2 protein chains.
Amino acid sequence: MVQSDKNTEQKILDAAAEIFHIKGFDGARMQEIAHHAGINKGLLHYYFKSKDSLFDAIFSIALNQIVARIVVILHQDLTLNEKIDGIVDQYMDLLIKNPILPQFVLNELSKDADRFIGKHFNEMAKSAFSEFSLSVEQEIAKGAIRQVNAHQLFTNLMSLIMFPFVGRPILQTVFGVDNQEYNHLLELRKAHIKEFLKIAVRS
Amino acid sequence: MVQSDKNTEQKILDAAAEIFHIKGFDGARMQEIAHHAGINKGLLHYYFKSKDSLFDAIFSIALNQIVARIVVILHQDLTLNEKIDGIVDQYMDLLIKNPILPQFVLNELSKDADRFIGKHFNEMAKSAFSEFSLSVEQEIAKGAIRQVNAHQLFTNLMSLIMFPFVGRPILQTVFGVDNQEYNHLLELRKAHIKEFLKIAVRS
DNA sequence: GTCTATATCATGATAGAC
DNA sequence: GTCTATCATGATATAGAC
């Protein structure tokens, strides 16, 4: 249940985030969100006139959390290694605190990819990748890293960070570990990814 | 629409797979599945008495596709490199043909992880990882690869293969490429992953 | 702003004719 | 086996009192 010392809109947003993140748009119920926020359905519709509008608010926040920080890092004046380390550190910290965020965002995007297109994230994200790609080319030219395709390397970076969270049910079962042990693996993973990537691209 | 020269049960399974894979359990509608199979709701319930039972049939097939082949490979008498290459080749081929399979399985598991536990997959998957882990230790002992944690390496392997499919909406937007170009990146990825992993673990 | 009550509609599931 | 018709439920959304 949501804390009652916040204003009603914030209580709704907090409750809706929790329900939508876990159950997705189709699985979430307005009744459950209202109850979780400590109000009733009527008042919920007073603040957000439709389930769609409430969901849009929640999804925007989640997408922003996923996309914004990477854009910031990639536009800073850093070496490739510094950018990669920054992304790994920031993302792993974010996802350890919000482990279901990527599953939620990716699943909703898979059902409606147009949620991404047309938003201002679109151009931001593309120009951010250009920065990454440029850094890769520079390091290759300097001979600091081996010949490696920027698209594949960026895919690797995102994969190594995010998949342990979206694939958790399978990996945890395959490893035969409990929640605490899996969380420990996630903690160790931050250093592992940085080392792994560094070794994999060295010239 | 499903081909009409198959028996009714198979038409239903084909139609249900397509709808469930795309929309998930909560988003799928029995009416839509019936229509897609070229029959009506009454007949659909005659073959599968509930939405749950139909879904279970579809989910079992999908989970089996994801889990079965990896188990087979890992239990064969192969070197670590051969096992890794086999998994990359087989999975990439499977996922290029069925790109939404991992998103479907992972999302449903995230909403109900118990679907995995208690099935016979459970023990199979755990013993398969033991085989992998053993291979890693042997190669390290031989000095063929550097010191690397088996859990992290297995996570990396699965991440590099699967994430490009579940994360496609984001990656494709970030790269600013169309479907054809992204498919091309996926084709190139098979060789990329094998090379990347080999370099990353060499001693 | 907040509540109760209700309208409206879509869904999963069943009954029964053929 | 296959269809049409219908039930029962549960969901979003609105109306109106306080």
Side-chain angles (χ1 to χ4, degrees), chain A residues 1-62 104 107-108 110-112 114-115, chain B residues 1-62 104 107-108 110-112 114-115:
Chain A
M1 200 65 50
V2 173
Q3 289 162 16
S4 56
D5 58 344
K6 297 182 217 162
N7 65 35
T8 302
E9 183 173 2
Q10 194 55 49
K11 281 194 294 184
I12 291 173
L13 288 172
D14 290 349
E18 199 162 325
I19 305 292
F20 276 133
H21 287 177
I22 294 172
K23 308 203 168 183
F25 178 84
D26 293 324
R29 300 288 166 241
M30 294 295 272
Q31 169 61 58
E32 191 178 4
I33 293 171
H35 180 256
H36 204 268
I39 59 171
N40 57 35
K41 285 195 292 179
L43 189 55
L44 180 54
H45 276 92
Y46 173 80
Y47 277 89
F48 294 89
K49 80 173 199 311
S50 71
K51 187 183 180 184
D52 268 287
S53 68
L54 177 55
F55 180 80
D56 282 346
I58 300 301
F59 187 76
S60 282
I61 295 169
F104 166 67
N107 189 50
E108 298 300 334
S110 84
K111 286 187 283 190
D112 182 12
D114 293 348
R115 250 186 238 286
Chain B
M1 202 66 48
V2 172
Q3 290 162 15
S4 56
D5 57 342
K6 296 182 213 158
N7 66 34
T8 302
E9 184 172 2
Q10 194 56 50
K11 282 194 293 184
I12 291 173
L13 288 172
D14 291 350
E18 198 163 326
I19 306 291
F20 276 133
H21 286 178
I22 294 172
K23 308 202 169 183
F25 179 83
D26 293 323
R29 300 287 165 242
M30 294 296 271
Q31 170 61 57
E32 190 178 5
I33 292 172
H35 177 71
H36 204 265
I39 60 170
N40 57 38
K41 281 197 295 178
L43 190 55
L44 181 55
H45 275 92
Y46 173 79
Y47 277 89
F48 294 88
K49 78 171 202 309
S50 69
K51 185 182 181 183
D52 269 286
S53 67
L54 178 55
F55 180 81
D56 282 344
I58 300 302
F59 187 76
S60 283
I61 296 170
F104 167 67
N107 189 50
E108 298 300 334
S110 85
K111 284 187 282 190
D112 181 12
D114 293 347
R115 250 185 239 287

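Proteins get letters first, then strands, A, B, ... in listed order; numbering begins at 1 in each. Given the structure is predicted, the values throughout are model-derived calculations rather than measurements.
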Take atom NZ of A/K23 as the centre, draw a 6.0 Å sphere, and report whether it contains more than 12 heavy atoms from other residues, nucleotides or ligands. no
Answer with base, sugar-phosphate or nothing: what part of the nucleic acid does B/A34 contact at a heavy-atom distance below 4.0 Å? nothing
From A/D26 atom CG to A/E108 atom CD, the distance as rounded to the nearest 0.5 Å: 7.0 Å
Between A/K51 (side chain) and A/F25 (backbone), is there a donor-acceptor pair under 3.5 Å? yes
Rounded to whole Å, please give me the gap between [atom1] in [X] and [atom2] in [N].
| X | N | atom1 | atom2 | answer |
| --- | --- | --- | --- | --- |
| A/M30 | D/dT14 | CE | C1' | 13 Å |
| B/F55 | C/dG12 | CZ | C1' | 16 Å |
| A/K41 | D/dA11 | NZ | C1' | 7 Å |
| B/I12 | C/dG12 | CD1 | P | 15 Å |
| B/D26 | C/dA10 | CG | P | 19 Å |
| A/R29 | D/dT9 | CZ | C1' | 12 Å |
| B/H35 | C/dA10 | NE2 | P | 16 Å |

Under 4.0 Å between a side-chain N or O of B/N40 and OP1 or OP2 of D/dT4? yes
Below 4.0 angstrom from OP1 or OP2 of C/dG1, is there any side-chain N or O of A/T8? no
With A/L54, the side-chain contact (heavy atoms from CB on, under 4.5 Å) member among A/F48, A/F59, A/Y47: A/F48
Ring pair (Phe, Tyr, Trp, His ring centres under 6.0 Å) involving B/F20 - partner list, sequence neighbours excluded: B/F55
Using a cut-off of strictly less than 4.0 Å between a heavy atom of the residue and any atom of DNA chain D, enumerate the qualifying residues of residues 43-54 of chain B by number. B/L43, B/Y46, B/Y47
Is there side-chain contact between B/I58 and B/H21, with heavy atoms separated by less than 4.5 Å? yes
